Amino acid sequence: MFLINCPYCGERDQQEFKAGGEAHIERPKQPTELSDDEWAEYLFMRKNIKGVQFERWNHAHGCRKWFNMVRDTSNDEIKAIYKMGEKPPAQ
Amino acid sequence: MTKNLRVKSSEYIDETNRISFKFNGKTYHGFKGDTLASALLANDVHLVGRSFKYHRPRGIMTSGSEEPNAIVQVNPGTNRTEPNVRATEVEIYEGLEASSQNCWPSVEFDIGGINNFLSPFFPAGFYYKTFMWPASFWEKYEFFIRHSAGLGKSPTTTDPDIYDHRNVHCDVLVVGAGISGIMAAKNAAKNNFKTLLVEEKNELGGSTIYENNEFNKIDNKAPSEWLKKEIEELKNIKNLEIKTRTSVAAYHQYNYLLARENLTDHLEAKDKTNKIRQRLLKIRAKKVILAAGALERPLIFNNNDRPGIMLSSAIKKYSEFYGVACGSKNVFFTNNDSAYESAISLYNKGINVEAIIDIREQSESKIVKKVKEAGIKIYWSHSIVDTTGYKRLNSISIMKLSNDGTSVTGSKISISCDCLGVAGGWTPAVHLYTQSGSKLKFDEEKKVFLPNQNTSEQISVGSCGGDFKIDEIIKNLNQKLKDTLNINETDLDSIKVEIDQENSKRNIWLLPSDKPIGKTKPFVDYQNDATAKDIKLALREGFKSIEHVKRYTTTGMGTDQGKLGNMHALGIIADTAGVKMGELGTTTFRPPYTPLTFGTIVGRNVGKFFDIFRRTPMNDWHVENKAKFENVGQWKRAWYYPINGETMHQAVQRESKAARESAGILDASTLGKIDIQGSDASEFLNRVYTNAWSKLAIGKCRYGLMLNEDGMVYDDGVTTRLGENHYIMTTTTGGAANVLGKLEDYLQTEWPELDVYLTSVTDHYATASLCGPNSKKILKKIIPDLDLSDENFPHMSFKESKIGNIQCRIMRISFTGEHSYEINVQASYGKDLWEKCIEAGKEFNITPYGTETMHLLRAEKGFIIVGQDTDGTMTPIDLQMDWIVSKKKYDFIGKRSLYRSDTMREDRKQLVGLLTDDPNIVLEEGAQIVSELNQSPVEMLGHVTSSYFSPNLKKSIALAVVRGGKDMMGKKLFVPMENKNINVTVANPVFYDEKNERLNA
Ligand SMILES: [Zn+2]
């Protein structure tokens, strides 16, 4: 059970949150211009890293805000949390 | 007449409080303070169970939670019975009953014992190898295994006890109240840290509390005396909470721990009533101090499992703490000095110690000298090669060990004995430490795995941190406390410790016998009957990973999780494979550390609290009118309203006819409702729905279909424009929360520039859906002032009005195909609204209908239900709903995916209607559809998604998804069932009122 520091609410128990998959995958602005392969890349392809991973999380049972998290999946250490739209911290 | 082996009065045993209890049907006596194990041993009962595979007689081995053998069923046949309980942890009370678990018909005569003689046929992996084939025999094997395995019996009646959960927050959690835990907790609390100390036993002090080795002194006192004074002082310390009978079951990341507090298990039945039996503590600690101690290891030698063979430390505890002698002719077998302390403990109480067998060449410690002076014979460099005694140990044979420890030489000496204490060194209890995600490192000198890399704010102190001697413990504890608590001084600074320094050790994981290993039984895992031989076999058969060897041999997979034998298993693997133990690593220790009851896990979430549920404001009316309910997500929805003993079918037929012929009313309050406001609300709807929204006039309603980005239908519902920048969206009942979440996701992460605000208002409104040709007349009676003409209030439009003083929102929309109104009022007026409709509708025989009739009516119209007719693989094109997909809009969620090569395939499964050739046969939902009957294997084209007998059409109708179904109109297909093949014809999914004439009827 992680203790997650919501950027809007502070430290809360993991059960208040929902994980939302890989971060920094932007929805294409002009989907119709993309080939099937390019669209499939956006739609289906996700990394599954053992190590440092950038993730989206949602404080679903709290402020409902989405934010980003840098987590080491090998030991579940949360290395950073930052708001949507903010630049990811340098690694 | 049983022997009484109570040897002295102990301050922990109340001899004035005599307690009678039953074990395997026979009555025994013990005293307040005894465990079931100590009381049985005092009555000279060692044989308490049978082993899992060979059904070998087994006795009490330990004095704690690591016990592998003395696993009992407590209070069998009662509603409080519990299997898999360790006799070493059961505190006895008047009326306690317990029985051996793994034996049939009795522990004395066990039919499964035949397996012991068949053991050459039960090598490692036996179950995997034998029971794999022929597959059809599995049922027989399973019966045999389950019957003879006998892992206890679960209760068959309702548990009468109450269980509880509690969240606990503290600055410092100390796990274990031995000398290290007590001193850590004391110093943390004194320095203003809010401290919680938990201890699995009912007494504080760990093993030091009965530590009477005269050569060890703390501040010139016996360690036990010194510690008692420290414990006494704990009472006066603020900030410190102590919980005994509380064992930590799990240690998760971020210092989140689960502990079970036992509150009534030690009480008589009459005192258990109406009390909380066990409480699960969910602990968030800023810092965790693990002081879990160490477990003594046995030694692995031939026939090392007979009743009467125990851990040396357990014999000492039974003698010092419980005042019980475990045998009258005692022998110890050791590789270090611990056994000598146990021997002296017995000697000081006048209990006979025959000999000590020591695999070391010598030891010069004071305690060894004391043993020599006591005249106890010591056999240096000797090992036990065999033991005898079936239900109780009666002799051992020993031989001289070779210098390299791999073989034995010379002549065999036989020693008669009834109790053997084995001392193989100490294993730090690092289970919780590794559960937290922290990493271990093998210490080659101490031959143990020690904490190495911490992942959270934690320290391991005392013997679980690798310090076994009191001087080391105090010194390292002091430094660790100062570092972790950031303090400069502690109570430990001034303590003076004297100890008996010498403690050499000789480590041999598997001791040799004079017989070849194939002819011996050196048990490594007692509970699962895994021997050193099995481990070697697994390695010979090519298993390399310790995780694989563990599963193949079942070593460490019993309820005790191999607490005693895991290190030996690793050592034997390392020695056999010629690798270093540090490179081998350990298997994963998983929670729970000791088994938890289901009651503790679920806490108060039983009965009506098992799952949360939601009720609509009209619920009481439905209950009063005998509705049957169905669960839709968390909602309890009225399903149908049987009258005069109707079956569900009869009720639904009646309700469906009434709704079309006159008037029906449905509680639609559960539909999700999202209030959407903001200057970009229209643009937002344009992006999330497949159809166009910008031109929807204020006061109008529109049906919308929402897709996932992969083009598959996600949700649907009607959205109404309330104002220039204000909409109210309805979602499916089950999809409400997910839709809101998805919309928020897009708003916050993809389109933050949009000025849109979403609010869930599902619970704020109650909705009654009034439908049927007389619905207009009924509404007119309730709201006489409202102009209900088609000109003023046409289909797909909205009016705000008042029923009496109650504000209401009315949408003229229809999910049945009939002229209908959805009337929304503030939730607290829901029942009032409902009753007004019923009252006004009486003259039209208004009929309340439930979800089943709603489903039937919409199926007659071919309206889909997302989640029933779709399953996350259907596009709007597959549903033949091309009409709702805008060609003009540049983009919306899922649009691009509708042009992927796969979603454009002609032979996708498509929604069609199905009519049975015999109109009276109703298809089963989920039934498969084929075009050929004599094909093998038969090609399955799709399945039935919705199916009903339509009372309005007087025939069976169904919706189905069929591969390429769009082009199959009129085609004959088959639905093969168990006993018959049903002939069906593909039809238009709109079965009723294809021209929608009834909407304005
Ligand atoms: Zn938050």
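Source: prediction; values computed, not measured. Proteins get letters first, then strands, A, B, ... in listed order; numbering begins at 1 in each.
- Interface remark: A:S74 contributes no atoms to any contact with chain B (heavy atom separation under 4.5 Å).
- Heavy atoms of A:I25 lying under 4.5 Å from chain B belong exclusively to its backbone.
- Residue A:L3 holds its CG atom at 11.0 Å from OH of B:Y256, rounded to the nearest 0.5 Å.
- Of the listed residues B:Q748, B:K895, B:K439, the one with more heavy-atom pairs under 4.5 angstrom with chain A than any other is B:Q748.
- Residue A:E86 places its CD atom among more than 12 non-hydrogen atoms of other residues, nucleotides or ligands, all under 6.0 Å distant.
- Both the backbone and the side chain of A:M1 come within contact range of chain B, judged by heavy atoms closer than 4.5 Å.
- Separation of atoms NE2 (B:H252) and CG (A:D76) is listed at 12.0 Å; rounding is to 0.5 Å.
- Nearest approach of B:Y899 to A:D36, heavy atoms of both residues: O-OD1, 3.8 Å.
- Applying salt bridge (charged side-chain N to carboxylate O under 4.0 Å, His left out) to B:D745 and the options A:R56, A:K65, A:K18 leaves one that passes, A:R56.
- In this structure, A:Y42 OH and B:E709 CD are separated by 4.0 Å, a value rounded to the nearest 0.5 Å.
- For the atom pair A:W66 CH2 and B:E744 CD, the distance stands at 10.0 Å (nearest 0.5 Å).
- Heavy atoms from other residues, nucleotides or ligands lying under 6.0 Å from NZ of B:K888 number 12 at most.
- By the 4.0 Å N-to-carboxylate-O rule, A:R27 lies close enough to B:D891 to be salt-bridged with it.
- Heavy-atom pairs under 4.5 Å with chain A peak, among B:D902, B:D710, B:T455, at B:D710.
- For the atom pair CZ of B:R896 and CH2 of A:W39, the computed distance is 7.5 Å after rounding to the nearest 0.5 Å.
- Only the side chain of B:Y746 comes within contact range of chain A, with heavy atoms under 4.5 Å apart.
- Nearest heavy-atom pair, A:Q14 versus B:R284, reported as atom, atom and distance to 0.1 Å: N-NH2, 4.3 Å.
- Ranked by non-hydrogen atom pairs under 4.5 Å with chain A, the options B:S897, B:A737, B:S438, B:G437 are led by B:S897.
- Residue contact with chain A, scored on non-hydrogen atoms closer than 4.5 Å, involves the backbone of B:F892 exclusively.
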